[in-house]
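To start, the structure itself, in structure tokens.
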Amino acid sequence: MVESELTTEKVEESASDNLQRAPSFSGWCDDNDTLHSAQLGNVRTLTDDFDFELPLVNQNGIRNGSVDVVDTQNYNFKQRMKGGGDLAVASTRNGKDRYVPFDVENGSTSNQTHPNVVLEGSTYLDHHDTSQTISKNVVSVADVLKTLFLILVWYIFSTFLTLYNKTLLGDHLGKFPAPLLMNTFHFAMQAVLSKAITWFWSQKFQPTVMMTWRDYFLRVVPTALSTAMDVNLSNASLVFISVTFATMCKSAAPIFLLLFAFAFRLESPSLKLLGIMLIISIGVLLTVAKETEFEFWGFIFVMLAAVMSGFRWTMTQILLQKEIYGLKNPLTLMSYVTPVMALSTAMLSLIFDPWQEFGDSSYFDSSWHITRSCLLMLFGGTLAFFMVLTEYILVSVTSAVTVTIAGVVKEAVTIVVAVFYFHDKFTWMKGVGLLTIMCGVSLFNWYKYSKLQKGNLSEDEMSRSSTQNAAAKSSHHPVFFMALCKIFPSAFILLCCSFYLISGQRFDYPTANLSTTWVNSISAPHSVDFTDGSRVRAILLRGTFGPRYACGFYCNGNCESYLFAIFIVQTNSASQITSPAIGFPQVVWSANRNNPVKINSTLQLTAAGDLVLRDADGTLAWSTNTAGKSVAGLSLTDEGNLILFDSKNATVWQSFDHPTDSLVPGQKLVSGMKLTASVSRTNWTEGGLFSFSATDNGLVAFVESNPPQTYFEASVGGLNPSGGSNYVMYLNGSLTLFTNSTDTTELTLISITPASSAQYMKFESNGHLKVYEWQSRGWREVDDLLTGFRGECNYPTVCGRYGICTMGQCSCPTSSNSTVYFRPIKDRLPNLGCSEVTRLTCNNSSNHRLLEVEDVDYFAFDADISDTDLNTCKDACLRNCSCKAAFFRSGLNSSRTRGECYLPTEIFSLMNNDKDKTRYDSVAFIKVQVEAKTAVAKI
């Protein structure tokens, strides 16, 4: 309940002594605010009638006379009524008040001994003698068992909830399409259950202090929002990264817990704490350093979740352990924060969840599937409710220290479960990082334990005997913490042993033995259909979790024809191919693109060592021709290279020696090798117009005309002929030329965006060489390597044959008179090019004329005549029947008296010449056929 002004409620009133409980704290006073303790024996059960009671804020004293005492609890409460801070007040002999910061984790310093503060009649609050106090400082077996039981319940619900979230939100079940909707459902369920329970037992859960609206918006709402963000970000990270990696990164939460503790003045900065934060940070860096499946957004999400976790637990502890807010009961706190969490997450769901795609999802495409999804979310909401409730109970009945150290062990348990259940990869580098994080967290908890121990000791020997019941009630927390510290090393050793045993188990299948046959059948294993229409049936797969290389049968479209190919697919931690909605297979090599096969075709690694692909009717489609070459087996490497190896593990045959239209990092093109583009994106047949080849001096891209027309070249001059030993390698960040020259060994030809994930380059059917990289939500183009300052206009077929490209727009050549020599193939598709009105033929060369087009250039210019004039260039084309045009280039101020002449025998796209960029003058003379003798047309 929230009121506009802070009010108080009477807890208990004695009929004989007119005693009442002080608001907010467990002191007892009369109407004059004077503390009494003799009557406590009759009302002690009221202070312990509920299991969620916290260590109380009391004052200690020593026996040195009868002195009036100030009711510090009531005074502190009155100060809050006046807008005072979180201070405890003690009255001293000189009449001055002593203000002490309230420490929510160590207990108020008012719990500690103040030598000058005594109680009336030398009677001590909440105890009768020293022996009673000492006996209560001993940890009872029931307390330990109770706390262990709560921690065990927390572990169970937390672990099951983690498995639930990863299974549902990850890629195992096709990825639940609405993670924020699911969290909204969970939060709403927690709100309903907590509200129902607190309403049903309204007397037991009625807060003794009513919260102001100001405190609600400044305390409860930020706590709720940070909790919602913690949960939402944690779940979002599980879409991208493994449970193991997420748990390790989330272990950094104590860093942010400390930072917020500094900000809220719950902790004082010190070199010890800064050192502990540094140790934990180093541990996080170690876990990330060798993370091969590192996903940037997954890491960002989980670290932001750690920040939110530190903030929300700081605020949660303040709300639970400060009675001024009236939320010391965990269920009451949950009933306050969960409605805000549900509303805020619902708003995020409306914005970010793909509601328009729900009808196509297997979770919402029918009434039964909708019912099943609701039941799944109901189950998750139940797990979340009991886990959060257990967390709040632990924080309230123990301390944040106990919960933190128990959380360290819980993280170890979570990692073990994730490795067993999801087969997450665990390396020794991660183990060292995890050990470093746990050591840092343990040092933090040891530091807190030391502070607790010092806080429980008096400033002199006499005050030890005056320790109060409230201190006794909380004294078992550091003892239990010490017990956890003792069992932690054994737990970690057991954890490491488990990782060692699990690490020997493989879930991928990267090799095959001789005499193995694979059938391209509907029932074949590792068969996955994708939403883009493609299908794969993997026979070999290397690696787990993330983008991985596999080889097998591949089709796209109607799937009547299949390739035996190497492709990159998304995998989970058990090497299963996943992400059918976004992780479409990327083909990087194929064996039979000129001869695809049908369903029920076979691939066989024969006993003689030959890898043979046969169609369904038994006809030979492709073979490595390696029979009799001592082949021992087949393997797919981490780099995506398919290898036939012998008994000495030497390579007999490899796919890297037979490139198709793609390159992968680590692959090289030896001088003479080339990539050949397919006819189109849907027609895999080799025989397109374009090729990309390695030479002794570098790289060249050209059109397969006669002779070839080059549109891109990256080469290094002055190199001696290598005899084919020079090669270009695809490195991370470049295409680099390696030579046998004694002067240089590595020469960067083309720079590439460095890879942050899986990457490959593909030579497209339109002549582009593009680099693709796996990013958070699919494959994205990151580079178009052959596009120069002229942009798209520099590509040979951008506007089809005879089309003129001007700033990406296409048009046909026109004359200065009404004569039309070219018209678009399709008016609405000018990029298809232009056709001749009258077909050019050599049978009547006397009717050939040249159509002059000013400021037009050509992508390929390999001068046939150098240092010549314009008329000589034109005459040379007219005399040569195979010449289709004459291109003349000259200096800007040469008046075309001298220049270079190029006479191509085949015309592709033309382009406008931007003199400001090229710094030369250009004119084109296109040969046309006329029916009668005409003059040269000029445009």
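Throughout, residue positions are numbered sequentially from 1 according to the sequence presented. Note: hydrogens, waters and symmetry copies are ignored here, and every other heavy atom, side chains too, is used. Bear in mind the structure is a predicted one, so any value in this text is a computation, not a measurement.
- Applying the side-chain contact (heavy atoms from CB on, under 4.5 Å) test to Leu304 and every residue at least two apart in sequence or in another chain returns Leu233, Ile300.
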(message) Please evaluate residues Cys551 and Ile539 with respect to the criterion side-chain contact (heavy atoms from CB on, under 4.5 Å), reporting the C-alpha separation (whole Å), side-chain torsions for both, the decisive distance (0.1 Å), and the verdict.
(response) CA-CA 6 Å; Cys551 72; Ile539 62 174; 3.9 Å; yes
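- Here the CG atom belonging to Leu749 is positioned 10.5 Å from the CD atom belonging to Glu713, to the nearest 0.5 angstrom.
- Taking NZ of Lys674 as the start and CZ of Phe702 as the end, the distance is 5.0 Å to the nearest 0.5 Å.
- For the pair Phe656/Lys668, no side-chain contact is recorded, criterion being any heavy-atom separation below 4.5 Å from C-beta on.
- Among all heavy-atom pairs drawn from Ser757 and Glu773, the shortest one is N-OE2, 3.9 Å.
- Every residue two or more places apart in sequence or in another chain that forms a side-chain contact (heavy atoms from CB on, under 4.5 Å) with Ser655 is listed here: Ile566, Trp589, Asn641, Leu642, Trp653.
- Distance check: Thr676 OG1 to Asn594 CG gives 9.5 Å after rounding to the nearest 0.5 Å.
- For Val231, the side-chain contact (heavy atoms from CB on, under 4.5 Å) test picks out Asn183, Phe187, Asn235, with sequence neighbours left out.
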(request) Show your reasoning for whether disulfide (SG to SG under 2.5 Å) applies to Cys805 and Cys810. (result) CA-CA 5 Å; Cys805 180; Cys810 299; 5.4 Å; no
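- A donor-acceptor pair is defined here as one N or O able to donate and one able to accept, closer than 3.5 Å; no such pair exists between the side chain of Ser349 and the backbone of Thr345.
- Every residue two or more places apart in sequence or in another chain that forms a side-chain contact (heavy atoms from CB on, under 4.5 Å) with Asp661 is listed here: Arg593, Ser678, Lys762.
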(message) Between Tyr730 and Glu639, does the side chain to side chain donor-acceptor pair (under 3.5 Å) criterion hold? Intermediate values first, please.
(response) CA-CA 11 Å; Tyr730 181 4; Glu639 292 77 23; over 6 Å; no
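- The closest side-chain heavy-atom distance from Gln570 to Pro547 is below 4.5 Å.
- Asp783 places no side-chain N or O within 3.5 Å of a backbone atom of Leu785 that could act as its donor or acceptor partner.
- For the residue pair Tyr772 and Gln586, no side-chain donor N or O sits within less than 3.5 Å of a side-chain acceptor on the partner.
- Note that OG of Ser527 is 11.0 Å distant from CZ of Phe553, once rounded to the nearest 0.5 Å.
- The backbone N or O of Ala346 lies less than 3.5 Å from a partner atom in the side chain of Thr184, making a donor-acceptor pair.
- No more than 12 heavy-atom neighbours from other residues, nucleotides or ligands sit within 6.0 angstrom of CD1 on Ile522.
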(request) Kindly indicate, with the supporting measurements, whether the criterion side-chain contact (heavy atoms from CB on, under 4.5 Å) is fulfilled by Thr637 and Gln654. (result) CA-CA 10 Å; Thr637 69; Gln654 61 180 349; over 6 Å; no
Considering only distance and modelled atom types, tabulate donor-acceptor pairs under 3.5 Å from the side chains of residues 556-564, sequence neighbours left out.
from	atom 1	to	atom 2	distance (Å)
Asn556	ND2	Tyr554	OH	3.3
Asn558	OD1	Glu560	N	3.2
Tyr562	OH	Arg535	NH1	2.9
Tyr562	OH	Arg537	NH1	3.4

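- Side-chain contact check for Leu541 versus Val569: some heavy-atom pair is nearer than 4.5 Å.
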(message) Phe712 vs Ile750, test: side-chain contact (heavy atoms from CB on, under 4.5 Å). Steps then yes/no.
(response) CA-CA 11 Å; Phe712 176 86; Ile750 303 176; 3.8 Å; yes
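- Ile752 has its side chain within reach of Gln759: a pair of non-hydrogen atoms, C-beta onward, lies under 4.5 Å apart.
- Between Leu786 atom CG and Asn794 atom CG the span is 9.5 Å, to the nearest 0.5 Å.
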(request) Just do the side-chain contact (heavy atoms from CB on, under 4.5 Å) check on Trp774 and Ile568 with the steps written out, would you? (result) CA-CA 10 Å; Trp774 172 258; Ile568 307 175; over 6 Å; no
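- Looking only at side-chain heavy atoms (C-beta outward), Leu669 and Pro659 come within less than 4.5 Å of each other.
- Closest heavy-atom contact between Asn766 and Phe690: C-CE1, 3.5 Å.
- The shortest heavy-atom contact between Glu792 and Asp784 is OE2-OD2, 4.2 Å.
- Judged as a salt bridge (charged side-chain N to carboxylate O under 4.0 Å, His left out), and not counting sequence neighbours, the contacts of Glu781 are Lys770.
- Taking CZ from Phe584 and CH2 from Trp779, the interatomic distance works out to 12.5 Å, rounded to the nearest 0.5 Å.
- With hydrogens and angles disregarded, no donor-acceptor distance shorter than 3.5 Å links the side chain of Thr571 to the backbone of Gln576.
- Counting heavy atoms from C-beta on, the side chains of Val703 and Phe859 come closer than 4.5 Å.
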(message) Could you go through Thr787 and Tyr795, starting from their C-alpha distance and side-chain angles, then the distance that decides it, and tell me whether this counts as side chain to side chain donor-acceptor pair (under 3.5 Å)?
(response) CA-CA 8 Å; Thr787 301; Tyr795 285 92; 2.7 Å; yes
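- Closest non-hydrogen pair, Ala538 versus Tyr509, comes out as CB-OH, 3.8 Å.
- With a 4.5 Å cut-off on side-chain heavy atoms, Asn732 and Pro665 do not count as touching.
- There is a side-chain donor-acceptor pair under 3.5 Å between Thr736 and Ser734.
- Closest of all the heavy-atom pairs between Ala694 and Val728 is CB-CG2, 4.5 Å.
- Within the 4.5 Å cutoff, the side chain of Val771 has no heavy atoms near those of the Thr753 side chain.
- A donor-acceptor pair is defined here as one N or O able to donate and one able to accept, closer than 3.5 Å; such a pair exists between the side chain of Ser909 and the backbone of Pro796.
- Across all their heavy atoms, Leu161 and Gly380 have their closest contact at CD1-O, 3.8 Å.
- Taking a 6.0 Å sphere around CZ of Phe530, one finds it holds more than 12 heavy atoms contributed by other residues, nucleotides or ligands.
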